[in-house]
Amino acid sequence: MGKEITSRLQDYAQWYNDLVIKSGLADYSAVRGCMVIKPYGYALWENMQATLDKMFKDTGHQNAYFPLFIPKSFLSREAAHVEGFAKECAVVTHYRLKSDPAGGGVIVDPEAALEEELIVRPTSETIIWNTYKNWIQSYRDLPILINQWANVVRWEMRTRLFLRTAEFLWQEGHTAHATAEEAMEEARRMLEVYTHFAESYMALPVIQGIKSPAERFAGAVETFCIEALMQDGKALQAGTSHFLGQNFAKAFDVQFLNKNNEQEYVWATSWGVSTRLIGALVMAHGDDDGLKLPPRLAPIQVVLIPVYKNDEQRAAIDARAREILQSLKQAGIRAQYDDADHVRPGWKYAEYELKGVPLRLSLGERELQQHQIEAVRRDTREKLSLPLDHVAEKVLRLLDDIQQQMFEQAKAYRDQHITPANSWEEFIHILDEQGGFVYAHWDGTEETEIRIKELSKATIRCIPLSPWPGDDGPGKCVLTGQPSARRVLFARAY
RNA sequence: CGGGGUGUAGCGUAGUCCGGUCCAUCGCGCCAGGUUUGGGACCUGGAGGUCGCAGGUUCGAAUCCUGCCACCCCGACCA
């Protein structure tokens, strides 16, 4: 008997937890709301990091590192920013413990209170803009294009593995520019980078859009986002890129002398994606047997499993398998040979399916005789026989095809779940019966947005950058009947 | 923060209502040896437990009482 996984139909939330835990991505920890990312999960994150990091470097960014702790006073400099984050900040108040005079443990030393309390960063705009002030005098100092890989803490009331934990890993880009146009261009450029990453690497189709005022990042002038759809019909924000205008420059008094010898506030952007993307990967592609990882990010792209009946066979197969493994590795494939003898092939098949390894190769007496190898795709479960000549090339082609197919499948699902609604009844019906995105008119007011959320639990995921099928220009708000400039995408979301 | 649930070996569990027959059940996993090996093998033997924590009731507590803690799920808040 193996590891039981709750089916998606029976209990989607439990299915998700089962997958994350049983595939070895992560574990619960002793700390409420915090998780342990296990080696397999971390390897996946490292692959994501490596890919994104290269994209950031290719677009001219450099990595740096800013402090984990932020003076409390910094957070309150930007009004909207503090409003947005105040409720979920962890605060450091003391710098020393001492042994408890009353017992065996330790207590916080009341003598060691900090003069100014420190916030554990929920995001780094404030500490970074406080720093940029010292770096920027002239237009010649601009642009500053910096990214940092870091952990952040947001004291969430309710947490979910990868999707929302009190501490999480992410990258945050923070750029400074001489003009609004340039900053806006940067925000849009990074949105494109995220889109490309999601679609080409995660095989996750996303919708690019603009956040409504209520959903906008605290402190931003404009928030761009990519929205993805999970298999339970709920949307997930996969990445955001903000045009911050001069809000933080004004809050931290960051001015520069422009070419005309005039003082001007600097223009800013910030953008980020987090380990939440791992949750997206699980929920967008996984099935009742386990994960399905896209080849371009999978820690193990190919697993090779020997099948034998006795030691003599085993020796011959083992020798051949190692040659094959070598040729796969030489071709740059992340291949693994599982020659463990204490579990049988069937057990391994199930285990690697659970782990979402895109391609499984089996080598036994039969294959050896026929000079081929059996290949089974994780995405379609299709079983193929590959001749052993130039096997690495064939495997590479298969991996490419799996990557492509996974995207196509997710895209087909997503496209089937964008439904225009023309009345409130229809709106609710779509959300309840099929889920996904509802494409509907909205009068553009925050009151209506909030009212819709209260009534339906759906939020405006984004105002799409390019129109979707069903777009009909101006119309009437699905709730109020007031004039609407255009349709926007609503969904229940994570 | 509200509602619900759970806490017994690495994991999943029985036992809790109705205290003793429980120095705790079963399955998986683990260890040793052997037979096996094409979809989660089998046999034999073995190791492994502060029954979440603290206090109380009792001749006797996994079981009853009080307090506490932790985690999970659902909701409000959020990437």
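The sequence lines fix the lettering, A, B, ..., with proteins before strands; numbering per chain opens at 1. No experiment lies behind these values; they were computed from the predicted model shown.
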Visitor: Let me spell it out: for each of A:Asp11 and A:Glu215, pick the nucleotide of RNA chain B with the closest heavy atom. Which residue's pick is nearer the 5' end?
Guide: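 Whichever sits nearer the 5' end wins; that is A:Asp11.
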Visitor: Taking only the side-chain heavy atoms of A:Thr165 (C-beta and beyond), determine which of B:rG40, B:rG38, B:rA79 contains the nearest atom.
Guide: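 So the nucleotide nearest the side chain must be B:rA79.
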Visitor: Do you know which of A:Phe248, A:Phe74, A:Phe252 makes ring-ring contact (aromatic ring centres under 6.0 Å, His included) with A:His81?
Guide: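 The residue from A:Phe248, A:Phe74, A:Phe252 that satisfies ring-ring contact (aromatic ring centres under 6.0 Å, His included) with A:His81 turns out to be A:Phe248.
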Visitor: Give the rounded distance in Å between these two atoms: CG of A:Leu368 and C1' of B:rU37.
Guide: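 Going from A:Leu368 (CG) to B:rU37 (C1'), I get 16 Å.
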Visitor: What distance, rounded to whole Å, do you find between the two P atoms, one in B:rC11 and one in B:rG55?
Guide: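 The answer is 25 Å between these two P atoms.
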Visitor: Does any part of the side chain of A:Leu297, heavy atoms only, come nearer than 4.5 Å to the side chain of A:Met48, both counted from C-beta?
Guide: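 Touching, per the 4.5 Å side-chain cut-off.
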Visitor: Using a cut-off of 4.0 Å on non-hydrogen atoms, how would the nucleic acid contact of A:Gln313 be classed: base, sugar-phosphate, or nothing?
Guide: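 Here A:Gln313 touches no strand at all.
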Visitor: Check whether any side-chain nitrogen or oxygen of A:Arg314 sits under 4.0 Å from OP1 or OP2 of B:rU37, and answer yes or no.
Guide: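 No, outside the criterion.
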Visitor: Under 4.0 Å, counting only non-hydrogen atoms across every strand here, what does A:Arg366 touch: a base, just sugar-phosphate, or nothing?
Guide: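 Contact class for A:Arg366: base.
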Visitor: Hey, would you say the A:Trp271 and A:Phe243 ring centroids sit under 6.0 Å apart?
Guide: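 Ring centres of A:Phe243 and A:Trp271 not closer than 6.0 Å.
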Visitor: Expressed as a whole number of Å, how far does the P atom of B:rA41 sit from that of B:rA47?
Guide: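 Each nucleotide's P atom is 26 Å from the other's.
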Visitor: Among residues at least two apart in sequence or on other chains, which ones pass ring-ring contact (aromatic ring centres under 6.0 Å, His included) with A:Phe407?
Guide: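 Scan of A:Phe407 (ring-ring contact (aromatic ring centres under 6.0 Å, His included), adjacent residues dropped) gives none.
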Visitor: Between C1' on B:rG40 and NE2 on A:His342, what's the gap in Å once rounded to a whole number?
Guide: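 Distance, rounded to whole Å: 13 Å.
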Visitor: Expressed in whole Å, how much space separates the P atoms belonging to B:rC64 and B:rC26?
Guide: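 My reading of the P atoms in B:rC64 and B:rC26 gives 23 Å.
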Visitor: Does A:Leu163 reach a base, just sugar-phosphate, or nothing at all? Heavy atoms under 4.0 Å.
Guide: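 Contact class for A:Leu163: base.
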Visitor: Kindly indicate whether the side chain of A:Glu353 and the base of B:rG39 share any N or O donor-acceptor pair separated by less than 3.5 Å?
Guide: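 Answer yes: a donor N or O sits under 3.5 Å from an acceptor.
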Visitor: Identify the stems formed by RNA chain B, where each pair is Watson-Crick or G-U wobble with both distances under 3.5 angstrom and a stem is at least 3 consecutive pairs.
Guide: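 Paired runs of 3+ in RNA chain B: B:1-7 with B:69-75, B:10-12 with B:26-28, B:30-35 with B:41-46, B:52-56 with B:64-68.
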Visitor: Sorted by first residue and then second, give each ring pair (Phe, Tyr, Trp, His ring centres under 6.0 Å) pair with at least one member in residues 291-325 of chain A; sequence neighbours left out.
Guide: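 Applying ring pair (Phe, Tyr, Trp, His ring centres under 6.0 Å) to every pair that reaches into residues 291-325 of chain A, excluding sequence neighbours, yields nothing.
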Visitor: Can you tell me how far C1' in B:rC51 sits from the matching atom in B:rG34, rounded to whole Å?
Guide: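 Here B:rC51 and B:rG34 have their C1' atoms 36 Å from each other.
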Visitor: Mark yes or no for a side-chain to base donor-acceptor pair under 3.5 Å between A:Glu367 and B:rG38, with no hydrogen or angle criteria applied.
Guide: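 It does, because a donor-acceptor pair links the side chain of A:Glu367 to the base of B:rG38 below 3.5 Å.
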Visitor: Quickly work out the A:Trp347 CH2 to B:rG39 C1' distance and round it to whole Å.
Guide: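 Answer to the nearest Å: 13 Å.
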Visitor: Using whole Å, what does the distance between atom P of nucleotide B:rA79 and atom CG of A:Leu169 come to?
Guide: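 Checked: the CG to P distance equals 18 Å.
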Visitor: Between B:rU36, B:rG38, B:rA76, which nucleotide has the shortest distance from any of its atoms to the side chain of A:Asp341?
Guide: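 Taking heavy atoms from C-beta onward, the closest nucleotide is B:rU36.
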Visitor: Among B:rG40, B:rA41, B:rG75, which is the nearest nucleotide to the side chain of A:Glu351?
Guide: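 Minimum distance to the A:Glu351 side chain belongs to B:rG40.
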Visitor: Would you kindly compare A:Lys87 and A:Lys348 by the position of their nearest RNA chain B nucleotide and give the one closer to the 5′ end?
Guide: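 Its nearest nucleotide lies further toward 5', so the answer is A:Lys348.
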Visitor: Could you measure between the two C1' atoms, the one in B:rG3 and the one in B:rC65, and give it in whole Å?
Guide: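 Result for the C1' pair: 25 Å, nearest Å.
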Visitor: For the residue pair A:Thr165 / A:Thr159, report whether a side-chain donor-acceptor contact shorter than 3.5 Å exists.
Guide: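 There is no such pair (donor and acceptor under 3.5 Å, judged by atom type) between the side chains of A:Thr159 and A:Thr165.
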Visitor: Any idea which of B:rG39, B:rA79, B:rG75 is nearest the A:Ala350 side chain?
Guide: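 Taking heavy atoms from C-beta onward, the closest nucleotide is B:rG39.
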Visitor: Run the ring-ring contact (aromatic ring centres under 6.0 Å, His included) test against A:Tyr132 and tell me which residues pass, sequence neighbours left out.
Guide: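 Once residues adjacent in sequence are excluded, the partners of A:Tyr132 under the ring-ring contact (aromatic ring centres under 6.0 Å, His included) criterion are A:Trp129, A:Trp135.
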Visitor: If you only use heavy atoms from C-beta on, which nucleotide in B:rG39, B:rC77, B:rA41 is closest to the side chain of A:Tyr349?
Guide: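 For A:Tyr349, the side-chain atoms sit closest to B:rG39.
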Visitor: Does anything in residues 302-310 of chain A reach RNA chain B, meaning a heavy atom under 4.0 Å, and if so which residues?
Guide: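 Output list: A:Val307, A:Tyr308, A:Lys309.
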Visitor: Go through the structure and list residues passing salt bridge (Lys or Arg N to Asp or Glu O under 4.0 Å) with A:Lys57, not counting sequence neighbours.
Guide: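 Scan of A:Lys57 (salt bridge (Lys or Arg N to Asp or Glu O under 4.0 Å), adjacent residues dropped) gives A:Asp53.
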Visitor: A:Lys22 has an atom NZ; how far is it from atom C1' of B:rG40, in whole Å?
Guide: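 Between C1' of B:rG40 and NZ of A:Lys22: 13 Å.
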Visitor: Rounded to the nearest angstrom, tell me the gap between atom OH in A:Tyr494 and atom C1' in B:rC73.
Guide: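 So the OH-C1' distance, A:Tyr494 to B:rC73, works out to 13 Å.
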Visitor: Report all interatomic pairs (protein N or O, nucleotide N or O of nucleotides 69-72 of chain B) with separations under 3.5 Å.
Guide:
residue	atom	partner	partner atom	Å
B:rC71	OP1	A:Arg32	N	2.4

Visitor: Are A:Arg377 and A:Asp401 within salt-bridge range, i.e. N to O under 4.0 Å?
Guide: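 Looking at A:Arg377 and A:Asp401, the cut-off is met.
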Visitor: Does anything in residues 276-287 of chain A pair up under salt bridge (charged side-chain N to carboxylate O under 4.0 Å, His left out), and if so which pairs, sequence neighbours excluded?
Guide: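 Listed by first then second residue: A:Asp287-A:Lys292, A:Asp287-A:Arg378, A:Asp287-A:Arg381.
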Visitor: On a whole-Å scale, what distance lies between the P atoms belonging to B:rG20 and B:rU25?
Guide: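 To the nearest whole Å, 15 Å.
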Visitor: Remember a base hit wins even if backbone is also touched, and classify A:Lys211 as base, sugar-phosphate or nothing at under 4.0 Å, heavy atoms.
Guide: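 No contact.
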Visitor: Mind checking A:Phe168 for me? I need base, sugar-phosphate or nothing, with any heavy atom below 4.0 Å counting as a touch.
Guide: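 Result for A:Phe168 = base.
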Visitor: Say we look at B:rU13 and B:rG75: how far apart would their C1' atoms be, to the nearest angstrom?
Guide: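 To the nearest whole Å, 30 Å.
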Visitor: Between the base of B:rG39 and the side chain of A:Arg381, is there a donor-acceptor distance below 3.5 Å?
Guide: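 No such pair is found, so the answer is no.
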Visitor: Taking atom CZ of A:Phe66 and atom OG of A:Ser124, what is their separation to the nearest 0.5 Å?
Guide: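 Interatomic distance, A:Phe66 CZ to A:Ser124 OG, rounded to 0.5 Å: 8.0 Å.
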Visitor: Atom CD of A:Glu88 to atom P of B:rA76: distance rounded to whole Å?
Guide: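 After rounding, the gap between these two atoms is 16 Å.
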Visitor: Within the structure shown, what part of the strands sits under 4.0 Å from A:Gln237 by heavy-atom distance: base, sugar-phosphate, or nothing?
Guide: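 Sugar-phosphate, backbone atoms only, no base.
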Visitor: How would you label the contact of A:Ala13 with the nucleic acid (heavy atoms, under 4.0 Å): base, sugar-phosphate, or nothing?
Guide: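 Here A:Ala13 touches the backbone only, sparing every base.
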Visitor: Only counting residues at least two apart or in another chain, list the ones meeting ring-ring contact (aromatic ring centres under 6.0 Å, His included) with A:Trp267.
Guide: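 A:Trp267 satisfies ring-ring contact (aromatic ring centres under 6.0 Å, His included) with no residue once adjacent residues are dropped.
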Visitor: Tell me which donor-acceptor pairs under 3.5 Å the side chains of residues 215-222 of chain A have, and how far apart each pair is, sequence neighbours excluded?
Guide:
residue	atom	partner	partner atom	Å
A:Arg216	NE	A:Val221	O	3.2

Visitor: Partners of A:Phe69 by ring-ring contact (aromatic ring centres under 6.0 Å, His included), sequence neighbours excluded?
Guide: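 In terms of ring-ring contact (aromatic ring centres under 6.0 Å, His included), with neighbours along the sequence ignored, A:Phe69 is linked to no residue.
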Visitor: Grab the CG-P distance between A:Asp338 and B:rG40 for me, whole Å please.
Guide: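 To the nearest whole Å, that distance equals 16 Å.
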Visitor: Run the salt bridge (Lys or Arg N to Asp or Glu O under 4.0 Å) test against A:Glu186 and tell me which residues pass, sequence neighbours left out.
Guide: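 Applying salt bridge (Lys or Arg N to Asp or Glu O under 4.0 Å) to A:Glu186 gives A:Arg189.
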Visitor: Looking only at atom C1', what distance separates B:rG12 and B:rC17, rounded to whole Å?
Guide: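 Per the computed distance, 23 Å lies between those C1' atoms.
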Visitor: Where the side chain of A:Arg344 is concerned, which of B:rG39, B:rC77, B:rU37 is the nearest nucleotide?
Guide: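 Side chain of A:Arg344 sits closest to B:rU37.
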